[in-house]
2 protein chains.
Amino acid sequence: MNAKKTVERQTGVALWRQIADLIRLSISNGDHDQTGMVPPETVLAAQFGVNRHTVRSALAALADEGLVQAIQGRGTMIQRQERLSFPISRRTRFSQGLGDQARDIEAKLLAHETLPAVGEIATGLQIAPGTACVQLDLVSSADGRPLSCSTSYFPMERFGQMAEQFERLGSITKAFAAQGLADYVRVSTELVARHADADELALLRLSPGAIVIAATAINADPDGVPVQFSRTRFAADRVKLKLET
Amino acid sequence: MNAKKTVERQTGVALWRQIADLIRLSISNGDHDQTGMVPPETVLAAQFGVNRHTVRSALAALADEGLVQAIQGRGTMIQRQERLSFPISRRTRFSQGLGDQARDIEAKLLAHETLPAVGEIATGLQIAPGTACVQLDLVSSADGRPLSCSTSYFPMERFGQMAEQFERLGSITKAFAAQGLADYVRVSTELVARHADADELALLRLSPGAIVIAATAINADPDGVPVQFSRTRFAADRVKLKLET
DNA sequence: CCGAAATGTCTATTACGCTAGACAACTATA
DNA sequence: TATAGTTGTCTAGCGTAATAGACATTTCGG
């Protein structure tokens, strides 16, 4: 928890953005929970060794995100502080895991399509390249804030109604059940962290330069036959992944 | 694999850095494996919708990292492409998991200290706050490239010789064994992705703006008694975490 | 009610990021 | 050997980031 507060110049990342990222981090670390306020601009400027105007740019960006609110004469108050804990285990299910951490959790279907499986997707689903599969693009939100976006592939033959059932039931688990699959397990998950691309910035409503955790996962039925290949991108500053063993 | 190649302006992140990040990503995705070369500067400039000079800045940064090398008249060659797969499971061990992915894997002891456990550390190790514990700071490298840095805490009473044994044996697992603990398991892991701080930039030899995956983990003996609380920060562009269930 | 402390706003200056265009130097191929 | 394709280098100009300083405005405590 002793993240050193230093910024570096001439790195292609503007000082105000580095500072905004550090302040966002310290807020989510709970460093200012006692006061509920960010330190004064002059103090921050001294801490980071920059001009007060530069700190103001950083705070303006955070205010733009709705994370803080400045009040003249008083200071800069913290508006919101959250990082949902998202469990990943052999029995990972999206909505269930988040449980009571948020009041309103929803998954929205953005698009769906039928297409031939190629490359990694065919390999992951253990089907011949060219076999038809259904692609679903989803965005998941908690209390109105986007948490993750995902692209999933299902074998067409078994789960041709995936899009329709999801639209009707609002959950992958339920859509599987409606098509005769009562249970499934996570067999593989790979995680990579990187900067969000333009698509993800828009879908997850992130500020540019933000980080996503990309999870490539395979789910299989109880017999071990793959039923779903998915790539999920989490907004890194909104989630904490909890691995269960 | 269809990461859209678009960059955004006025975000506090210079275009050349955004482009460098995207090119680094496409290299690690294996997009240029056929040719072993990055597309020509003029092509990249057109793709990203920027001036050729801006692309040159991005390539210069990647050349600085040793990732690519430009040769006048020929093009820009890819020098190195790696993202080690690091398995995380109930039986996670550092050196073992990486196996034959790299020739030379080493963990170096930076510092050690005895101090009273507080807060999260005491909770994680299930010991009374104030109880003495040993802190070890390590950096792990594969083939000379830093992969991760970590800070671990061990209960002083059982593992007072941790630093000495690690120094002698070069491995946590062996140091445990030397102190009478033949086996241990991972009981909890939490992952968070964020920008690297100044310390991490230096230790992992990252370029500013780089991403780290921070893993907070607890290992326990076969009876379930916690033996190690650790925070490991991985250089995000050098590893892929593979969760085993 | 005054003054300290905090944010808000303005001007001016310097450094860097980005664009634009032109041409040199080098490599590979026909 | 000529030529197309690629990287290397230079100049010029413009907009933004960052610095510096001054002062206005608001809040809160003594």
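Chain letters run A, B, ... following the sequence lines, proteins first, then strands; residues in each count from 1.
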Checklist entry - Under 3.5 Å, is there an N or O donor on one side and an acceptor on the other linking the side chain of His53(B) and the base of dG21(C)? => result yes

Checklist entry - Separation of Leu59(A) atom CG from dA6(C) atom P, in whole Å? => result 14 Å

Checklist entry - Between Glu41(B) (CD) and dC23(C) (P), how many Å, whole number? => result 19 Å

Checklist entry - Where is the tightest heavy-atom contact between Cys149(B) and Leu204(B), given as atom of each residue plus distance? => result N-CD2, 3.7 Å

Checklist entry - Counting N and O atoms only, with roles assigned by atom type, does the side chain of Thr35(B) sit under 3.5 Å from a partner on the main chain of Met37(B), one being a donor and the other an acceptor? => result yes

Item to check | Whole-Å distance separating the CD atom of Gln18(A) from the C1' atom of dA18(D) | outcome: 13 Å

Item to check | N-O pairing of Glu120(B) and Arg231(B) below 4.0 Å | outcome: yes

Checklist entry - Taking the side chain of Ala70(B) as its heavy atoms from C-beta onward, which of dT7(D), dT7(C), dT9(D) lies nearest to it? => result dT7(D)

Checklist entry - Of the nucleotides dT19(D), dT9(C), dT19(C), which one has an atom closest to the side chain of Arg56(A)? => result dT9(C)

Checklist entry - Tell me: CE of Met77(A) to P of dT7(C), nearest whole Å? => result 12 Å

Next on the checklist: So if I take every side-chain heavy atom of Pro40(B) and compare against dC18(C), dT7(D), dG8(C), which nucleotide ends up nearest?
Outcome noted: dT7(D)

Next on the checklist: In the structure I gave you, are the side-chain heavy atoms of Trp16(A) and Val55(A) within less than 4.5 Å of one another anywhere?
Outcome noted: no

Item to check | Separation of atom CD1 in Ile19(A) from atom P in dA17(D), rounded to whole Å | outcome: 14 Å

Item to check | Arg52(B) (side chain) and dG8(D) (base): donor-acceptor pair under 3.5 Å | outcome: yes

Checklist entry - Which is true for Thr76(A) with a 4.0 Å heavy-atom rule: it touches a base, it touches only sugar-phosphate, or it touches nothing? => result sugar-phosphate

Next on the checklist: Quick check on dC28(D): is either OP1 or OP2 less than 4.0 Å from any side-chain nitrogen or oxygen of Arg74(A)?
Outcome noted: yes

Checklist outcome for this item: Taking dG8(D), dT19(D), dA24(D) as options, the one with an atom nearest any side-chain atom of Gln72(A) is dA24(D)

Item to check | Phosphate-side-chain proximity, Thr54(B) and dT19(C), N/O vs OP1/OP2 below 4.0 Å | outcome: yes

Item to check | Nucleotide dA17(D), atom P - distance to CG of Leu15(B) in whole Å | outcome: 11 Å

Checklist entry - Salt-bridged, Glu200(B) to Arg194(B), with N to O below 4.0 Å? => result yes

